[in-house]
Amino acid sequence: MNNKAHHMTRNLVASLIVLLACVWMGGCQSAARPTLYQKIGGEAGLERLVDLFIQEIGRDKAILPYFAKANVSRFRQGFITHLCDTLDGPCDYQGDSMIQIHTGMQITEADFNRVVELLINAMTEAGIDHTTQNQILARLAPLRGVVIKM
Ligand code: HEM
């Protein structure tokens, strides 16, 4: 074997060892780059966050009226599954689309912004760091257009 081929073989073996170690240690993705779902503490963290969010809604005079006829435990479960899915957790939200759910609610831009504020309050109370908060908000931002005034 010439010198170059020898080097290539050695590099290949080294790469394979790194790859195998990575898989053996429980998955390269979770080791190197946790999902947002993992960053907020998985299922328990997500449930805690949503419960804090529901408490925030319950204390807000502008937002609470939207939920006058809502079934809170259904909302809680649907919101948890939807957020879990959105944050790359092991969930597949199969409920009604965001358009279907919010159509007819006449949600104003100001009230949408208020709900985002309530979510930020809940994330802060849950001890979620600001970088993670911003990443979560970035995932939800595209829904703004389908939730407002439909
Ligand atoms: C990005 C923003 C939002 C997301 C991702 C979101 C997500 C959801 C989800 C997943 C559900 C359904 C739960 C289920 O039944 O399966 C839901 C229900 C609901 N959402 Fe939103 N929502 C957003 C913004 C808003 C805003 C701004 C308001 C009001 C100001 C609002 C008011 C409601 C109400 C009242 C329900 C309950 C409907 C019912 O059960 O009768 N949502 N939302």
Side-chain angles (χ1 to χ4, degrees), residues 11-150:
N11 284 342
L12 193 67
V13 170
S15 304
L16 267 173
I17 288 170
V18 169
L19 184 70
L20 284 173
C22 181
V23 169
W24 176 67
M25 282 162 64
C28 306
Q29 218 223 351
S30 67
R33 219 154 38 93
T35 62
L36 286 170
Y37 173 81
Q38 286 167 323
K39 283 172 84 174
I40 65 165
E43 190 180 2
L46 176 61
E47 289 187 356
R48 182 166 137 72
L49 170 61
V50 172
D51 286 337
L52 289 166
F53 179 51
I54 289 170
Q55 286 176 31
E56 286 284 332
I57 292 172
R59 288 198 290 262
D60 194 282
K61 287 190 178 69
I63 302 306
L64 190 56
Y66 283 98
F67 289 84
K69 288 180 197 149
N71 173 338
V72 176
S73 71
R74 208 189 91 120
F75 169 76
R76 179 183 183 275
Q77 199 44 62
F79 200 83
I80 286 171
T81 308
H82 184 269
L83 200 52
C84 169
D85 197 346
T86 303
L87 304 182
D88 303 323
C91 311
D92 183 18
Y93 176 77
Q94 300 201 328
D96 293 340
S97 75
M98 292 302 99
I99 292 186
Q100 285 171 322
I101 287 168
H102 301 94
T103 294
M105 287 189 196
Q106 298 285 314
I107 298 169
T108 62
E109 205 171 338
D111 285 346
F112 181 92
N113 293 342
R114 183 64 190 144
V115 166
V116 171
E117 251 173 53
L118 298 179
L119 182 62
I120 292 171
N121 291 348
M123 290 194 290
T124 301
E125 287 167 52
I128 296 171
D129 65 80
H130 283 259
T131 307
T132 307
Q133 290 193 18
N134 287 337
Q135 289 167 340
I136 292 171
L137 295 174
R139 292 288 177 96
L140 296 173
L143 296 172
R144 187 186 184 89
V146 303
V147 170
I148 292 174
K149 275 269 170 69
M150 297 285 281

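Residue numbers count from 1 along this sequence. Counting starts at 1 for both ligands and their atoms, in listed order.
A salt bridge is defined here as a Lys NZ or Arg NE, NH1 or NH2 lying under 4.0 Å from an Asp or Glu carboxylate O, and Glu109 with Lys149 fails to meet this definition.
Looking from atom 35 (C) of ligand 1 to the surrounding protein, the closest heavy atom is Tyr66 O, 3.2 Å. Given atom 33 (C) of ligand 1, the protein heavy atom at minimum distance is Phe67 CZ, 3.6 Å. In terms of protein heavy atoms, atom 14 (C) of ligand 1 is closest to Gly78 CA, 3.8 Å. When hydrogens are left out, the protein atom nearest atom 26 (C) of ligand 1 is Ile107 CD1, 3.7 Å; that is the closest non-hydrogen contact. For atom 40 (O) of ligand 1, the closest non-hydrogen atom of the protein is Ala70 CB, 4.0 Å. Nearest protein heavy-atom contact of atom 2 (C) of ligand 1 is Phe112 CE1, 3.8 Å. Protein heavy atom closest to atom 38 (C) of ligand 1, with residue, atom name and distance, is Met105 CE, 3.8 Å.
The side-chain heavy atoms of Leu83 and Leu49, taken from C-beta on, include a pair separated by under 4.5 Å. By the 4.5 Å heavy-atom criterion applied to side chains, Val146 and Leu143 are counted as neighbours. In this structure the side chain of Met98 reaches within 4.5 angstrom of the side chain of Tyr93, judged on heavy atoms. At a threshold of 4.5 Å between non-hydrogen side-chain atoms, the residues Thr35 and Leu87 do not count as touching. Side-chain contact between Val50 and Ile54: present, with at least one pair of heavy atoms (C-beta onward) separated by less than 4.5 Å. Using a 4.5 Å heavy-atom cutoff, the side chains of Tyr37 and Glu43 are in contact. With contacts defined as side-chain heavy-atom distances shorter than 4.5 Å, the pair Glu56/Leu52 does not qualify. With contacts defined as side-chain heavy-atom distances shorter than 4.5 Å, the pair Leu46/Ile40 qualifies.
Listed by number with element, the atoms of ligand 1 under 4.0 angstrom from any heavy atom of Tyr93 are 16 (O).
Between the choices Leu143, Val72, Val146, Ile80, the shortest heavy-atom distance to atom 1 (C) of ligand 1 belongs to Leu143.
Within the sub-2.8 Å shell of atom 21 (Fe) of ligand 1, the protein contributes these N/O/S atoms: His102 NE2.
If you take CG on Leu119 and CE on Met123, they are separated by 4.5 Å, rounding to the nearest 0.5 Å.
Any N or O atom pair closer than 3.5 Å counts here, and Arg74 shares at least one such pair with ligand 1.
Relative ring orientation between Phe75 and Phe67 is described as perpendicular, the plane-to-plane angle rising above 60° on a 0-90° scale split at 30° and 60°.
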